[in-house]
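See below for the structure under consideration.
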Amino acid sequence: MDDIRVLIADDDPEVLDLLARVIDDDPEMEVVASARGADEAIELATEHRPDVAVLDVRMPGGGGPRATRAILRHSPSTDIVAFSTFEAAETVLSMLEAGARGFVSKSDPPREIARAIRRRRAGDTALSARIRDMTAEALATRAVKRTSGASRGKRRDRIFRFIDGDGLEVIFQPIVDLEDGNIVAVEALSRFMDPSPRSPEGWFREARDVGLGVALELAAARTALRSLPLLPWSVSLSLNFSPQAIETAEFTTLMGHHPVDRLIVEVTEQTDGAVAKLQDALAPWRWGGLLVAVDDVGAGYSTLGRIVQLQPDLIKLDIALTRGLAGDPGRQILVEKLQEYAAGVGATLVAEGVETAELMARLRSLSVRVGQGFHLGRPGPLPAPTPDGSLVWEGRHAFRRDDGGESG
């Protein structure tokens with residue numbers, strides 16, 4: 001298992017030093033960055049995307065609540081643990097409402113810090129013993145109820161607003177040929193303009209909870225497809241769909257209005273449903289040139305059996321598998337075998353999470369020829385094609401064949 005990557009933030013250098021020692025003494029954790037204020041914490045979290053951020057509640061720059069909200073917008077997978085001398089109810093509640101799910105008092109034993117980090121990574125609310133003895137559990141329950149207690153009608157109205165195009169935006173991330181650096185496709189990624197710090201997946205989950213999941217997927221796809229005419233003919237557009245959406249008449253109608261030989265459908269939510277029905281729904285479009293990708297391979301959702309059944313054109317390795325690949329022989333062997341399988345059945349292996357030149361070089365050495373990740377291009381607006389019809393992604397690292405892509 002990879003070490004838990006932790007960002008720490010406090011304006012007191014002695015406290016920062018204590019946090020660093022406690023975390024570094026734990027063999028399963030590592031400090032990836034430290035900050036002295038909210039602005040620096042936000043910047044470092046955006047850059048490093050830590051697993052957990054331990055934030056001082058009253059540090060400069062807006063304090064823990066502001067840092068929590070901003071970090072969750074830029075790095076929604078990061079878990080937030082608050083760290084404070086102040087244990088008043090309003091202090092605890094301000095962090096929980098901002099999105100923190102852990103709170104440790106500075107007067108607690110240092111081991112509580114490591115314990116809280118582990119509890120958050122396990123998906124549990126991480127409240128220290130002293131906070132639990134006070135009123136924090138009741139405050140946490142109240143905060144959750146306040147968020148989720150809105151009527152079903154109000155929740156549906158909020159999703160309908162996105163479906164109607166109000167607050168729903170689409171950005172794109174390039175998928176790149178690791179041999180020559182050319183962009184071969186772009187993946188459309190939904191973003192929701194709302195004061196809530198909820199992640200895109202959180203909004204899709206909310207939509208499913210109120211019976212509007214498929215409708216929101218289709219709305220996001222329609223928004224993305226408006227950009228298809230802006231793409232060079234050599235660049236495909238990749239869209240994310242659940243099996244439930246693919247099997248609807250609305251999906252059929254949507255595909256019928258676009259050149260499917262320029263599209264990739266990434267099948268999400270790899271549950272245990274019947275693959276045969278999904279294959280039947282995709283078959284007419286695959287005959288017309290549509291490419292099918294299986295997403296999240298290596299993240300626990302996709303199984304080899306499902307890949308064999310669906311016979312995708314692209315197999316996307318999740319960041320959970322690629323992270324740490326460069327220094328992990330076991331992962332390298334697994335990727336090598338998946339690449340051999342893909343080559344044998346005529347599929348393409350796509351590595352997600354390509355965030356360093358080192359990882360890119362290692363993937364190329366394993367014969368993985370297509371990748372996606374921050375090193376190759378961050379999500380953003382679609383750039384205009386150059387006069388020769390190619391795409392140049394703003395902020396992308398320089399691509400050099402001789403060394404696997406050193407930053408330029």
Decide, yes or no, whether a salt bridge links [X] with [Y] under the criterion of side-chain N to carboxylate O below 4.0 Å.
X	Y	result
D318	R323	no
E187	K316	yes
R369	D177	no
D11	R58	no
E169	R191	no

Minimum heavy-atom separation for [X] and [Y], please, with both atom names.
X	Y	result
M95	A82	CE-CB, 3.6 Å
V368	A351	CG1-CB, 4.1 Å
L44	A35	CD1-CB, 4.0 Å
L7	V32	N-CG2, 4.3 Å
G288	D261	O-CB, 3.7 Å
P243	V267	CG-CG1, 4.1 Å

With no hydrogens and no angle check, is any side-chain donor or acceptor of [X] less than 3.5 Å from a backbone partner on [Y]?
X	Y	value
D313	V292	yes
E247	L282	no
R364	L359	no
T248	Q244	no
T223	V170	no
D180	N182	yes
Q173	G377	yes
R5	M29	no
S227	L230	no
R222	L254	no

Problem set entry | side chain to side chain donor-acceptor pair (under 3.5 Å) involving S238 - partner list, sequence neighbours excluded | E266

Sub-4.5 Å side-chain heavy-atom contact between [X] and [Y]:
X	Y	result
V52	T78	no
P232	V235	yes
F83	V15	yes
L218	I163	no
V265	W285	no
R49	I319	yes
Y341	I315	yes
V354	Q372	no

Problem set entry | Qualifying side chain to side chain donor-acceptor pair (under 3.5 Å) pairs, either residue in residues 36-48, two or more places apart |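 For residues 36-48: D39-R66.
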
With rounding to the nearest 0.5 Å, note down the distance linking [atom1] in [X] to [atom2] in [Y].
X	Y	atom1	atom2	result
L189	N240	CG	CG	7.0 Å
W203	L216	CH2	CG	10.0 Å
R101	R120	CZ	CZ	7.5 Å
E206	E201	CD	CD	12.0 Å
H258	L237	NE2	CG	9.5 Å
I264	S236	CD1	OG	4.5 Å

Exercise. Within 45 degrees of the axis of the six-membered ring of F192 and under 6.0 Å from its centre: does R158 put its NZ or CZ there?
Worked result: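 No, R158 does not sit over the ring of F192.
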
Exercise. Do the numbers put R378 on top of the ring of W393, so that NZ or CZ is under 6.0 Å from the six-membered ring centre and no more than 45° off the axis?
Worked result: no

For this session: Go through I8 and L55 one step at a time and tell me if the side-chain contact (heavy atoms from CB on, under 4.5 Å) criterion holds.
Result: CA-CA 6 Å; I8 54 177; L55 306 179; over 6 Å; no

Problem set entry | Residues L349, L317; criterion side-chain contact (heavy atoms from CB on, under 4.5 Å); working and verdict | CA-CA 7 Å; L349 203 63; L317 301 178; 3.9 Å; yes

Exercise. Is it the case that E352 and T322 place a side-chain donor and acceptor less than 3.5 Å from each other?
Worked result: no

Exercise. Do you see a donor-acceptor pair shorter than 3.5 Å between the side chains of E358 and T356?
Worked result: no

For this session: Applying side-chain contact (heavy atoms from CB on, under 4.5 Å), run through R262 and L231 and close with a yes or a no.
Result: CA-CA 10 Å; R262 300 191 61 202; L231 290 173; 3.6 Å; yes

Seminar exercise, completed: Residue set satisfying ring pair (Phe, Tyr, Trp, His ring centres under 6.0 Å) with F172, at least two apart, ordered chain then number -> none

Exercise. Between L228 and L225, is a side-chain contact (heavy atoms from CB on, under 4.5 Å) present by the stated rule, with each step listed?
Worked result: CA-CA 5 Å; L228 182 60; L225 283 163; 4.3 Å; yes

